[in-house]
Amino acid sequence: QVQLVESGGGLVQAGGSLRLSCAASGRAFSTVAMGWFRQVPGKERDFVAAISWINGNTKYADSVKGRFTISKDNAQNTLYLQMNNLKPEDTAVYYCAARPSVGDYTTPSGYVDWGLGTQVTVSS
């Protein structure tokens with residue numbers, strides 16, 4: 001099992017930036033890929049971005065392409081999400097997740113370890 005702890009959320013005005021971090025501990029060596037998802041009350045958890053822990057390949061949701069950047073620090077077992085030009089519709093709880101297998105990185109299934117989430121609020 002991998003323990004994940006997110007940080008870096010907060011309140012920001014539209015057009016602003018935030019950088020989320022996700023610290024991984026435990027069986028981090030078993031991780032194949034990690035991702036960021038977000039969720040608003042009453043809606044499903046949506047894919048934001050993912051990165052291969054092996055080769056660094058990335059994937060983004062269309063809604064965040066060009067604005068968000070996912071990155072990792074293997075030595076520190078830390079995942080990041082740099083969010084620029086934030087919009088009110090980016091408001092959500094952001095979760096990081098880890099998976100031990102390859103597959104469709106855009107769906108929550110396959111990710112077996114999840115953090116508790118960090119709130120991001122973007123005001124207009």
Side-chain angles (χ1 to χ4, degrees):
Q1 187 177 7
V2 178
Q3 291 77 45
L4 303 172
V5 179
E6 303 97 336
S7 61
L11 173 64
V12 64
Q13 288 188 330
S17 298
L18 284 173
R19 187 192 196 203
L20 305 184
S21 299
C22 174
S25 60
R27 292 175 57 87
F29 62 85
S30 65
T31 297
V32 169
M34 293 188 71
W36 289 98
F37 290 79
R38 64 188 181 187
Q39 189 171 24
V40 298
K43 294 191 175 182
E44 294 183 348
R45 194 165 293 188
D46 291 332
F47 170 73
V48 176
I51 187 167
S52 167
W53 216 248
I54 300 172
N55 58 25
N57 287 346
T58 59
K59 191 170 183 67
Y60 296 91
D62 289 342
S63 59
V64 307
K65 279 182 182 176
R67 301 189 298 124
F68 290 11
T69 303
I70 189 171
S71 62
K72 62 183 178 66
D73 184 331
N74 287 53
Q76 298 295 324
N77 284 331
T78 302
L79 179 72
Y80 301 99
L81 185 67
Q82 178 67 44
M83 305 185 295
N84 298 328
N85 190 22
L86 282 160
K87 304 176 181 180
E89 51 264 42
D90 295 318
T91 295
V93 177
Y94 284 70
Y95 299 89
C96 71
R99 57 182 296 149
S101 61
V102 299
D104 183 354
Y105 293 170
T106 67
T107 61
S109 62
Y111 290 87
V112 298
D113 298 297
W114 292 82
L116 296 180
T118 185
Q119 175 71 47
V120 171
T121 303
V122 184
S123 62
S124 58

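Start at 1 with the first residue, then count along the sequence.
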| message | side chain to side chain contact (heavy atoms under 4.5 Å, CB included), that's the test. Do Thr31 and Met34 meet it? Break it down for me. | response | CA-CA 7 Å; Thr31 297; Met34 293 188 71; 3.6 Å; yes
| query | What's the verdict on side chain to side chain contact (heavy atoms under 4.5 Å, CB included) for Asp90 and Arg67, showing C-alpha distance, side-chain angles and the deciding distance? | reply | CA-CA 11 Å; Asp90 295 318; Arg67 301 189 298 124; 2.7 Å; yes
| query | Would Met83 and Trp36 satisfy side chain to side chain contact (heavy atoms under 4.5 Å, CB included), going step by step from the backbone distance to the final call? | reply | CA-CA 12 Å; Met83 305 185 295; Trp36 289 98; over 6 Å; no
| task | Evaluate the side chain to side chain contact (heavy atoms under 4.5 Å, CB included) criterion for residues Leu20 and Val120: first the C-alpha distance (whole Å), next the side-chain angles of each, then the deciding distance (0.1 Å), finally the verdict. | result | CA-CA 9 Å; Leu20 305 184; Val120 171; 4.0 Å; yes
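Annotation: the span from Ser21 atom OG to Leu79 atom CG amounts to 8.5 Å, rounded to 0.5 Å. Rounding to the nearest 0.5 Å gives a distance of 12.5 Å between CD1 of Ile70 and CD of Gln82. We find the OG-CZ distance between Ser109 and Arg99 to be 7.0 Å, quoted to the nearest 0.5 Å. To the nearest 0.5 Å, atom OG1 of residue Thr69 and atom CG of residue Leu81 are 8.0 Å apart. Of the inter-residue distances, the one linking Lys65 atom NZ with Lys59 atom NZ reads 6.5 Å to the nearest 0.5 angstrom. Between the CD atom in Gln13 and the OG atom in Ser124 there is a gap of 9.5 Å [rounded to 0.5 Å].
In this structure, Leu4 and Ala24 approach most closely via the heavy-atom pair CD2-CB, 3.6 Å. Val12 and Leu86 make their closest contact through CG1-CD1, 3.6 Å (heavy atoms, listed as atom of the first residue, atom of the second, distance). Closest non-hydrogen pair, Trp114 versus Pro108, comes out as CZ2-O, 3.7 Å. The minimum heavy-atom distance linking Gly56 with Lys72 is given by the pair CA-CE, 3.9 Å. Closest of all the heavy-atom pairs between Val112 and Pro100 is CG2-CD, 3.7 Å. Across Val40 and Ala92, no two heavy atoms sit closer than the pair CG1-CB, 3.7 Å.
Judged purely by atom type and a 3.5 angstrom limit, Tyr111 uses its side chain to pair as donor or acceptor with the backbone of Tyr105. Judged by distance alone, with hydrogens and angles left aside, the side-chain atoms of Thr78 form no donor-acceptor pair with the main-chain N or O of Ala23 at under 3.5 Å.
Hydrophobic clustering of Ile, Leu, Val, Met, Phe, Trp and Tyr side chains at less than 4.5 Å, counting indirect connections, keeps Val5 apart from Leu18.
Screening residues 43-100 for disulfide bond (SG atoms under 2.5 Å apart) gives Cys22-Cys96 as the qualifying pairs, with residues at least two apart or on separate chains.
Two residues are said to be in side-chain contact when any heavy atoms from C-beta on lie closer than 4.5 Å; Gln119 and Thr91 meet this criterion.
A tilted orientation is assigned to the rings of Tyr94 and Phe68, their planes being inclined by 30° to 60°.
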